[in-house]
Amino acid sequence: MQNGTNWGYSYVSHKYTPSLYFANSSGIGSTNDWMNTRVLCAVLTQPLALESQTKFIRDTWGPRCDVTLYISDEKNSTFPTITVTKRTGHAWLWAKVRNTLELIYKSYSKKADWFFICEDDTYVVVPNLKKFLSRRSLQASEYYGKIFTPIVKGGYASGGAGYAMSRPVLEQLVKVGFKDTSKCPAESTSGKPADVTLAICLDNLGIEAKDATYDDFKDGDPTEQLFHWQTPENEFKMPWGIKGTAWLNEVSKLPPASNRKEAKSCCSKSKVVTFHSVKGPAMLFMDFLFNNFTTL
């Protein structure tokens, strides 16, 4: 790992060697070409979450990205945060997302091929993220995640599950979308959730939100998702319903949860990319499972 500076901001870049579990798994792809896919990960966090959440990302999956940015609301002398806005809370999350994307484009766009944005309670299986993205076209007018259908015609990617976009998509968003308020609201005038606002911007640019599923691969099942907006245990409960989440059946692009044959069909068996709402200490446990449990 090395620390660096660029355009007045600090960042952390990594040289990551995958564990034997990931390198030898029979997951996505039969070669290691995916290891050459460069991914920048930007984690949206806040000062109060650095100890309870963000440090667990730093100690688990964060270093597996080629560049990791921890986007907060104030500078921290002991944690490598980057400040892009001085206001915190969901009401200002769009400002944080927009300013983060502008920063990435100006200062880091040549350091990665793909740019992944998530929250500080998102657990990411970085090798699987790279494997998925290595099979996508850098020139496609798409971005990827867990897609919900209301509000935006083409759907929107859940910010909690995380979403990925290529360099050309990032460039079009910043150079065209952010320059035209009729296509993309200014940072303080959205009034909608940040992930919805981003989708509106991208939809106005003709960039489609694509659900990332196992069906993207030749032996895949279109109901097996790669990006998840809930914890693993809640994903497995979905066929029987969780209190307050019945709306999911109506807004997900994928088949309703009640139609799944088995609870385990919610998730790809070996290619899961993200889970959301994961508490800090639980990240350590999940990281242990993903890196150490193998089939004899």
Side-chain angles (χ1 to χ4, degrees), residues 28-29 33-34 36-42 44 65-67 94 97-118 124 128-187 190 192-218 220 222 225-227 229 251-254 271 273-274:
I28 300 170
D33 289 346
W34 60 269
N36 296 320
T37 300
R38 300 179 304 161
V39 177
L40 178 150
C41 299
L44 305 179
C65 303
D66 296 279
V67 177
W94 169 236
V97 170
R98 178 175 171 138
N99 292 349
T100 295
L101 292 169
E102 288 184 324
L103 167 68
I104 290 172
Y105 177 70
K106 292 176 182 177
S107 303
Y108 302 97
S109 62
K110 294 184 180 179
K111 295 182 180 295
D113 308 302
W114 294 91
F115 305 91
F116 178 76
I117 314 296
C118 69
V124 183
N128 284 353
L129 173 62
K130 288 192 169 194
K131 291 172 186 177
F132 169 75
L133 294 174
S134 71
R135 294 201 172 198
R136 312 307 305 180
S137 169
L138 284 168
Q139 305 307 318
S141 294
E142 302 170 345
Y143 78 116
Y144 309 99
K146 164 62 184 173
I147 309 304
F148 294 122
T149 57
I151 306 176
V152 184
K153 181 178 65 175
Y156 69 93
S158 162
Y163 47 83
M165 64 181 70
S166 66
R167 189 186 300 116
V169 167
L170 175 65
E171 180 176 11
Q172 190 175 0
L173 179 63
V174 174
K175 294 183 69 174
V176 180
F178 289 173
K179 304 293 185 184
D180 186 346
T181 56
S182 69
K183 291 183 169 63
C184 197
E187 65 176 44
S190 168
K192 296 182 175 65
D195 46 12
V196 172
T197 304
L198 176 66
I200 291 172
C201 298
L202 292 170
D203 188 65
N204 286 336
L205 295 171
I207 296 168
E208 184 180 2
K210 293 281 287 187
D211 233 322
T213 71
Y214 194 9
D215 192 40
D216 286 292
F217 310 99
K218 62 182 180 180
Q225 302 173 59
L226 305 183
F227 290 66
W229 81 286
V251 303
S252 177
K253 272 192 173 183
L254 296 178
K271 303 169 181 66
V273 173
T274 68

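Since this is a predicted model, take the numbers as computed values, not measurements.
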For this session: Heavy atoms only: give me the nearest A140-V169 pair and the separation to one decimal.
Result: O-CG2, 3.7 Å
Problem set entry | Atom pair OG/CD of S109 and E171 - distance to nearest 0.5 Å | 7.5 Å
Seminar exercise, completed: Heavy-atom closest pair (Y163 atom, S158 atom, distance to 0.1 Å) is CD2-O, 4.0 Å
Exercise. Atom OG in S141, atom CG in L202: separation rounded to 0.5 Å?
Worked result: 10.0 Å
Exercise. Out of I104, V39, L40, which residue meets the side-chain contact (heavy atoms from CB on, under 4.5 Å) rule with V67?
Worked result: L40
Exercise. Can you check whether Y105 reaches K175 side chain to side chain, under 4.5 Å on heavy atoms?
Worked result: yes
Problem set entry | Flag side-chain contact, heavy atom, 4.5 Å: L198 against Y156 | no
Problem set entry | Interatomic distance, D203 atom CG to K183 atom NZ [nearest 0.5 angstrom] | 12.0 Å
Exercise. Any side-chain heavy atom of V196 sitting closer than 4.5 Å to one from P193?
Worked result: yes
For this session: For D195 and A157, work out which heavy atoms get closest and say how close.
Result: CB-O, 3.2 Å
Problem set entry | Donor-acceptor contact present, side-chain R98 to main-chain P185, <3.5 Å | yes
Problem set entry | Intermediate values then yes/no, salt bridge (Lys or Arg N to Asp or Glu O under 4.0 Å), R167 and D113 | CA-CA 6 Å; R167 189 186 300 116; D113 308 302; 3.7 Å; yes
Problem set entry | Contact summary for T274 and A161, nearest pair of heavy atoms | OG1-O, 2.8 Å
Exercise. Between L103 and N99, does a side-chain contact (heavy atoms from CB on, under 4.5 Å) hold up when you go through it step by step?
Worked result: CA-CA 6 Å; L103 167 68; N99 292 349; over 6 Å; no
Problem set entry | D66/K130 ion pair, N-O < 4.0 Å | yes
For this session: With sequence neighbours excluded, tell me which residues meet disulfide (SG to SG under 2.5 Å) with C41.
Result: C65
Exercise. Is a side-chain donor or acceptor of S166 paired with a backbone partner of L138 at a separation under 3.5 angstrom?
Worked result: yes
For this session: Measure the shortest side-chain to side-chain distance between V97 and L101 over non-hydrogen atoms and say whether it is less than 4.5 angstrom.
Result: yes
Exercise. Measuring from W34:CH2 to L133:CG, what's the distance to the nearest 0.5 Å?
Worked result: 12.0 Å
Seminar exercise, completed: Minimal heavy-atom distance between E142 and R136, with the atoms involved, is OE1-NH2, 3.6 Å
Exercise. How far does CG of L173 sit from SG of C184, to the nearest 0.5 angstrom?
Worked result: 6.0 Å
Problem set entry | Verdict with supporting geometry, F132 and K271, side-chain contact (heavy atoms from CB on, under 4.5 Å) | CA-CA 8 Å; F132 169 75; K271 303 169 181 66; over 6 Å; no
Seminar exercise, completed: Shortest non-hydrogen pair, Y144 vs F227, comes out as O-CE2, 4.4 Å
Problem set entry | CZ-CG distance between F148 and D211, expressed to the nearest 0.5 angstrom | 8.5 Å
Exercise. Taking it one step at a time, do T37 and W114 satisfy side-chain contact (heavy atoms from CB on, under 4.5 Å)?
Worked result: CA-CA 8 Å; T37 300; W114 294 91; 3.6 Å; yes
Problem set entry | Any side-chain heavy-atom pair of N128 and L226 under 4.5 Å | no
For this session: State, yes or no, whether a side-chain contact exists between Y108 and K111 at a heavy-atom distance under 4.5 Å.
Result: yes
